[in-house]
2 protein chains.
Amino acid sequence: MLRISRLTDYGTLVLAHLPAREAELMSAAEVAAATGINLPTVSKLLKSLTKAKLVASGRGAQGGYRLARDAARISAAEIIDALEGPVSITECSATDSHCDLESVCSVGNAWQRINVAIRRALQEINLTELQRARAPVPRFELAGTPIHVERKG
Amino acid sequence: MLRISRLTDYGTLVLAHLPAREAELMSAAEVAAATGINLPTVSKLLKSLTKAKLVASGRGAQGGYRLARDAARISAAEIIDALEGPVSITECSATDSHCDLESVCSVGNAWQRINVAIRRALQEINLTELQRARAPVPRFELAGTPIHVERKG
DNA sequence: ATAAAAGAGGACTATTTTAGTCCTATTTGA
DNA sequence: TCAAATAGGACTAAAATAGTCCTCTTTTAT
C-alpha cells in the first residue's frame, strides 16, 4: 500500500549522488557506477528528471547531469511527480472524473483529502533530508494529535 | 502517486455501507446492490475484511456481514492493511532486507521513515471520518511546520 | 431429513502497470 | 569529422492487480 515505485526509489538515489547546481557535470555512466544501478535505467531516470527540471543536463562530449537547484529546494513530492506523474491516491480522485459509483459513493473524496494532506507533507520534505540517512525522524500532526514517529530498529 | 489500489477504495465503500456492530446482518448480494459493485468482487472484499476482523460474518441462510466494531474504531491504516497487506512505501523497507544497493544507498531508509509517519497518521483516521464526505479537512504537521490543507474545489 | 441460502476458501485468468532494454537522432568538444 | 554524450521514444518482459468461478461448509426453514 501507499507505495512508491522502485524506479522512484532509484531516482532518489540517483539524485542523491548528483553534483550540486554549479558543479561539474557527471555523465550517466558515472552515476551508474556510483549508485550501482544499470546504466540504461539510470539513463532513463535522468531523462525524466531532466524533463521535470529537477536536473540540468549538458549534451555532447563532456556532457552530463547535475542538480538544477539546491537539494534543499527539491521536494519529495516533486520527485514522485517527476517519476510517476501526478497520480493521486485513488483513481477517481486522480481524474477528478465521475465514476460509476458516484451516486452511491458516500466515501467520496475522503481518500482524496487524505491524499492531499500527504502530498502537502511530502512537499515539506526536501532532498537534503532524504540524503541524511539518519536525519531526525519526521513528526506528523493530524487533526490536532501530535504523533511522534520512532526509528524502526 | 502514493496510490491505494482500486479494491481498497471499493473496500472502504463496502465498509461504509455495512450495518453497525449490533445490527442485523446484510448479505453480500445486498451490499453489492447498495454499492453498485459486482457481487463477486464485493464477496471477495468481504471475505478479506472478515479475515482481518474488521467485519463479522454469519454463515448459512440469513447469514451476512456487519462491522465487527464501531466505525470509530476502524482506522484507515487497518483497512489498507486488510486489503493490501502491510506493504511499505518502498520495497527494501518492506522486507527490511539487504538490497544490492545497500552499501551505496545514502538514501537508505528516508522513504521508510516517511512511510512510518504516514502510516501513523493513517491510524488516526477512522471509518466514521471516511464516511463523512465533507468532514473537516485533515491537518498534517511535519517537522514542526503546521500545514493546513484546504478543500479542493 | 433435506433443500436452499449464504459465507469460506482458494484456484485461475485476464488485464494493467511497471521495469527494463534498445535503437536512432542530435549535440558538442577535441 | 569522429567520438562522447544526451534526447526521445519504441518495444519486450515481468510482476502486480483485478476479476471470475468452483467447490465446500454452515445454518435456517420446511
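Labels below follow one simple rule: chain letters A, B, ... track the order of the sequence lines, proteins then strands, and each chain is numbered from 1. For clarity, every value in this text was computed on a predicted model and none was experimentally measured.
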Quick one: [X] [atom1] to [N] [atom2], roughly how many Å, whole number?
X       : N      : atom1 : atom2 : value
B/Arg66 : C/dG7  : CZ    : P     : 13 Å
B/Lys47 : C/dA6  : NZ    : P     : 15 Å
A/Leu25 : C/dT28 : CG    : P     : 12 Å
A/Leu45 : D/dG8  : CG    : C1'   : 15 Å
B/Lys53 : C/dA8  : NZ    : C1'   : 14 Å
A/Asp9  : C/dG20 : CG    : P     : 11 Å
B/Glu24 : C/dA6  : CD    : C1'   : 15 Å
B/Leu7  : C/dT15 : CG    : P     : 16 Å

Given [options], identify the nucleotide with an atom nearest to the side chain of [X].
X       : options                : result
B/Arg59 : D/dT20, D/dT26, D/dA7  : D/dT26
A/Ala61 : D/dT20, C/dT28, C/dC22 : C/dT28
A/Gln62 : D/dG8, C/dG29, C/dT27  : C/dG29
B/Ser57 : D/dG19, C/dG7, C/dT28  : C/dG7
A/Arg6  : D/dT6, D/dT20, C/dG20  : C/dG20
B/Lys44 : C/dG20, D/dA18, C/dA6  : D/dA18

Point to revise | Heavy-atom check, side chain of B/Leu46 versus side chain of B/Leu18, under 4.5 Å | key: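 Yes, side chains in contact.
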
Review point. Quick one: does B/Leu7's side chain get under 4.5 Å of B/Leu83's, heavy atoms only?
Key: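 No, side chains not in contact.
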
Exercise for review: Please work out if A/Thr50 contacts a base, only the sugar-phosphate, or nothing of the nucleic acid, heavy-atom cut-off 4.0 Å.
Suggested key: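 Counting heavy atoms under 4.0 Å across all strands, the contact made by A/Thr50 is with sugar-phosphate only.
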
Exercise for review: Would you classify B/Ala29 as touching base, sugar-phosphate or nothing, given that sugar-phosphate means primed atoms plus P, OP1 and OP2, and contacts are heavy atoms under 4.0 Å?
Suggested key: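 It contacts nothing in the nucleic acid.
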
Given [N], is OP1 or OP2 found less than 4.0 Å from the side-chain N or O atoms of [X]?
X       : N      : answer
B/Ser5  : D/dA16 : no
B/Asn38 : D/dT20 : yes
A/Tyr65 : D/dA7  : yes

Check your understanding: A/Thr35 side chain to A/Val31 main-chain N or O, any donor-acceptor pair under 3.5 Å?
Key ->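 Such a contact is found between A/Thr35 side chain and A/Val31 backbone.
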
Check your understanding: Between the main-chain N or O of A/Thr128 and the side-chain N or O of A/Asn126, is there a donor-acceptor pair closer than 3.5 Å?
Key ->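 At least one qualifying donor-acceptor pair exists.
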
Review point. What about A/Lys51, does its side chain sit under 3.5 Å from the base of D/dG8 through a donor-acceptor pair?
Key: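 No such pair is found, so the answer is no.
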
Exercise for review: Kindly write out the residues that satisfy salt bridge (charged side-chain N to carboxylate O under 4.0 Å, His left out) with B/Arg69, not counting sequence neighbours, or none if the list is empty.
Suggested key: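 Expected list: B/Glu78.
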
